[in-house]
Amino acid sequence: MTPIWRSLLRSDLPNDFFEDLHYAVFGLGDSSYEKFCWPAKKLSRRLERLGATAICPRAEGDTQHTLGYVDSQSACKSCYRIFTIPQNR
């Protein structure tokens, strides 16, 4: 386990530790595995429990999908509504 995971999983962190954090999580995995996108799911749940606010629903891409992803288009649409994207770039 990496140091950042160990830090996030500490039981002594207060429930409002990340109250000012706004986040988005996109997991990429292979649905043929039992723990498909497990790190993304675990991270999203932990951030929420520590008071962070999701700016869009967690999205999961699947390399088994014919296009190589499943939720990435809906995730991008959610982010486009939140962030201003310059037109001439």
Do side-chain atoms of R58 reach the backbone of A40 as a donor and acceptor pair under 3.5 angstrom?
no

Closest non-hydrogen atom pair between G29 and C37, with its separation:
N-SG, 3.8 Å

Heavy-atom distance under 4.5 Å between the side chains of L43 and W5, does that happen here?
yes

Close side-chain approach of D62 and F36, heavy atoms under 4.5 Å:
yes

Just by distance, do the side chain of Y23 and the backbone of S44 share a donor-acceptor pair under 3.5 Å?
yes

Min side-chain heavy-atom separation F17-L47 under 4.5 Å
no

How long is the straight-line distance from CH2 of W38 back to OH of Y33, given to the nearest 0.5 Å?
15.5 Å

Could you measure the distance from the NE2 atom of H22 to the OG1 atom of T53? Nearest 0.5 Å is fine.
4.5 Å

Rounded to the nearest 0.5 angstrom, the CZ-CG distance for R49 and N15 is 10.0 Å

Pairwise side-chain contact, E19 with L50, heavy-atom cut-off 4.5 Å (strictly under):
no

Say you draw a straight line from CD of Q64 to OG of S32; how long is it, rounded to the nearest 0.5 Å?
4.5 Å

Would you confirm whether D16, through its side chain, and G51, through its main-chain N or O, come within 3.5 Å as a donor-acceptor pair?
no

Taking the side chain as everything from C-beta on, heavy atoms only, tell me whether E60 gets closer than 4.5 Å to K41.
yes

